[in-house]
Amino acid sequence: MTMRAEIIKASSISPNTDTAWDDVTFEAKLREQGQAYHIHHPFNKMLNGGNASPAQIRGWVANRFYYQIAIPIKDAAVLSNCPDGEVRRGWVQRILDHDGFELAGVKDAGGIEAWLRLAQAVGLSREEVIDLRHVAPAVRFSVDAYVNFARRAPWQEAVCSSLTELFAPEIHKQRLATWPAHYPWIDTDGLSYFRNRISQARRDVDQGLAITLAHFNTRVSQERALEVLQFKLDILWALNDAIALKYGVAS
Ligand code: AHQ
């Protein structure tokens with residue numbers, strides 16, 4: 001770096017004394033990051049654009065299963081780090097959403113079971129999905145990075161990282177709107193996971209956003225929240241990269 005550039009760089013480094021964004025501005029900044037959401041990934045565009053082969057769809061479902069089974073583990077890590085009973089009472093619902101439950105006579109098989117029904121609908125056996133034989137190394141690494149982050153980060157940062165779900169209802173609705181016409185060979189009962197997630201994601205975001213807006217209340221911590229969200233967006237993007245590398249992607 002030239003002397004002049006070093007002087008400019010040195011003078012530009014000042015303690016971030018900027019005032020905190022108000023909630024409306026902060027939320028807008030979080031939502032702006034949706035431009036990096038995996039709905040824009042070439043593999044997703046191929047998939048929801050109707051250009052995926054059955055093998056590519058099966059590869060995506062089998063690899064995404066590893067992400068799905070990690071979610072309750074991740075959420076249990078958040079619970080184990082969170083000292084606030086009120087927050088835990090809301091957060092524990094996420095584990096029930098995925099692992100299912102039988103409470104006071106109400107039974108719900110859960111989202112992981114729904115994902116296995118999606119797997120069977122696209123022509124995979126339960127066994128070959130559950131034993132993870134199709135999961136690409138970089139899918140494992142991306143998902144494991146998410147779980148390990150949730151175990152080690154302050155629980156509020158783990159909450160913030162779940163806010164990629166700000167953008168999830170759109171991708172679930174996109175699948176429901178496009179797959180039946182593009183892939184009539186997939187039994188639409190197999191799409192129930194996406195149907196269920198639309199309302200669950202909205203409920204998740206209500207809680208996660210409230211915690212994030214309340215906790216990250218200085219400009220420095222708000223900038224950190226944007227970094228944390230970008231980290232999770234990168235995880236989802238890298239997961240799609242690994243699947244595209246293994247199964248190919250038609251642009
Ligand atoms: O099925 C998904 C899910 O249960 C969750 C939980 C949440 C989290 O805690 O990080 N994020 C998430 C997501 C799910 N599905 C993804 C998809 O594309 O189907 C989207 C993903 C997310 O947006 O983070």
Side-chain angles (χ1 to χ4, degrees), residues 30-31 33-41 43-48 52 57 60-79 81-82 87 90-100 108 110-119 122 139 142-151 153 155-179 190-209 211-212 228-243:
L30 290 163
R31 289 185 183 276
Q33 294 189 237
Q35 59 199 332
Y37 192 53
H38 66 174
I39 196 169
H40 304 298
H41 192 284
F43 195 89
N44 181 71
K45 287 181 176 177
M46 174 188 73
L47 190 55
N48 293 357
I57 294 172
W60 180 83
V61 171
N63 276 268
R64 269 292 308 275
F65 181 75
Y66 190 68
Y67 178 80
Q68 299 308 135
I69 59 175
I71 294 295
I73 305 294
K74 181 272 297 185
D75 288 329
V78 175
L79 287 178
N81 290 334
C82 177
V87 170
W91 204 265
V92 73
Q93 178 66 50
R94 295 164 182 247
I95 297 178
L96 301 179
D97 286 345
H98 289 85
D99 288 335
D108 182 322
I112 290 168
E113 182 55 36
W115 197 272
L116 286 169
R117 289 202 303 276
L118 170 64
V122 302
V139 167
S142 306
V143 173
D144 292 352
Y146 188 26
V147 175
N148 290 328
F149 174 77
R151 286 182 173 138
W155 67 270
Q156 299 93 336
E157 290 194 1
V159 167
C160 177
S161 69
S162 75
L163 288 180
T164 44
E165 274 204 300
L166 283 164
F167 323 111
E170 185 186 353
I171 202 169
H172 294 307
K173 283 190 283 188
Q174 189 183 74
R175 290 164 187 147
L176 292 167
T178 60
W179 285 32
L191 307 184
S192 63
Y193 182 81
F194 305 137
R195 275 189 282 277
N196 297 339
R197 278 312 300 171
I198 293 172
S199 56
Q200 289 172 352
R202 288 203 179 108
R203 189 210 54 224
D204 286 355
V205 165
D206 286 347
Q207 185 190 23
L209 189 56
I211 292 167
T212 298
V228 166
L229 185 55
Q230 188 57 51
F231 164 72
K232 171 64 182 312
L233 287 162
D234 291 347
I235 282 173
L236 294 175
W237 196 270
L239 202 156
N240 281 277
D241 285 346
I243 294 168

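All ligand and atom numbering here is 1-based and tracks the order in the structure.
Of the heavy atoms in Thr164, both backbone and side-chain atoms come closer than 4.0 Å to ligand 1.
His38 pairs in a side chain to side chain contact (heavy atoms under 4.5 Å, CB included) with only one of the listed residues (Ile171, Ile235, Leu239), which is Ile171. Under the side chain to side chain donor-acceptor pair (under 3.5 Å) test applied with Tyr193, the options Gln68, Arg64, His172 reduce to a single match, Gln68.
Among the atoms of Tyr37, some N or O lies under 3.5 angstrom from an N or O of ligand 1. For ligand 1, the polar-atom distance check finds no N/O of Ser162 at less than 3.5 Å from any of the ligand's N/O atoms. Considering backbone and side-chain atoms alike, Ser161 places every N or O at 3.5 Å or more from each N or O of ligand 1. At under 3.5 Å, not a single nitrogen or oxygen of Asp75, backbone or side chain, sits near a nitrogen or oxygen of ligand 1.
From the protein, the heavy atom lying nearest to atom 14 (C) of ligand 1 is Tyr67 CE2, 3.9 Å. The protein atom (non-hydrogen) at minimum distance from atom 19 (O) of ligand 1 is Arg175 NH1, 2.7 Å. Atom 4 (O) of ligand 1 has His98 NE2, 2.7 Å as its closest protein atom, hydrogens excluded (heavy atom only).
For the pair Gln200 and ligand 1, no heavy-atom separation below 4.0 Å is found. Ligand 1 does not have Asp97 within reach: every non-hydrogen atom of the residue lies 4.0 Å or more from it. In this structure, Phe194 does not count as a contact residue of ligand 1, since none of its heavy atoms falls inside 4.0 Å of the ligand. Contact between Tyr193 and ligand 1 is present, with at least one heavy atom of the residue lying under 4.0 Å from the ligand.
Here atom 6 (C) of ligand 1 lies nearest to Glu165 when heavy atoms of Lys74, Glu165, His38, Arg94 are compared. Checking Gln174, Arg64, Glu170 against atom 17 (C) of ligand 1, the nearest heavy atom belongs to Arg64.
Listed for the Asn81 side chain is a donor-acceptor partner under 3.5 Å among the backbone atoms of Arg151.
Ser161 is not listed as a side-chain neighbour of Lys74, based on a closest heavy-atom distance of 4.5 Å or more. The shortest side-chain heavy-atom distance between Val228 and Phe149 falls under the 4.5 Å cut-off. Between Asn44 and Gln174, some side-chain heavy-atom pair lies under the 4.5 Å cut-off. A heavy-atom distance below 4.5 Å is found between the side chains of Asp97 and Arg197.
Relative orientation of the Phe194 and Trp115 rings is perpendicular, given thresholds of 30° and 60° on the angle between their planes.
Close approach of ligand 1 to Tyr146 is summarised as follows: ligand atoms under 4.0 Å from at least one heavy atom of the residue are 8 (C), 9 (O), 10 (O). Under a 4.0 Å criterion applied to the non-hydrogen atoms of Ile171, ligand 1 contributes the atoms 18 (O). Contact atoms of ligand 1 toward Lys232: 8 (C), 10 (O), 11 (N), 24 (O) (distance under 4.0 Å to a heavy atom of the residue). Listed by number with element, the atoms of ligand 1 under 4.0 Å from a non-hydrogen atom of Gln68 are 1 (O). Atoms of ligand 1 found under 4.0 Å from any heavy atom of Ala168, numbered from 1 in the order shown, are 23 (O).
Taking CZ of Phe167 as the reference point, atom CG of Leu236 lies at 10.5 Å (rounded to 0.5 Å).
For the residue pair Gln200 / Asp204, no side-chain donor-acceptor distance below 3.5 Å is found, with atom types taken as modelled. No side-chain donor from either of Asp144 and Asn148 sits under 3.5 Å from a side-chain acceptor of the other.
Counting non-hydrogen atoms of neighbouring residues, nucleotides and ligands closer than 6.0 angstrom, the CD atom of Gln93 exceeds 12 such neighbours.
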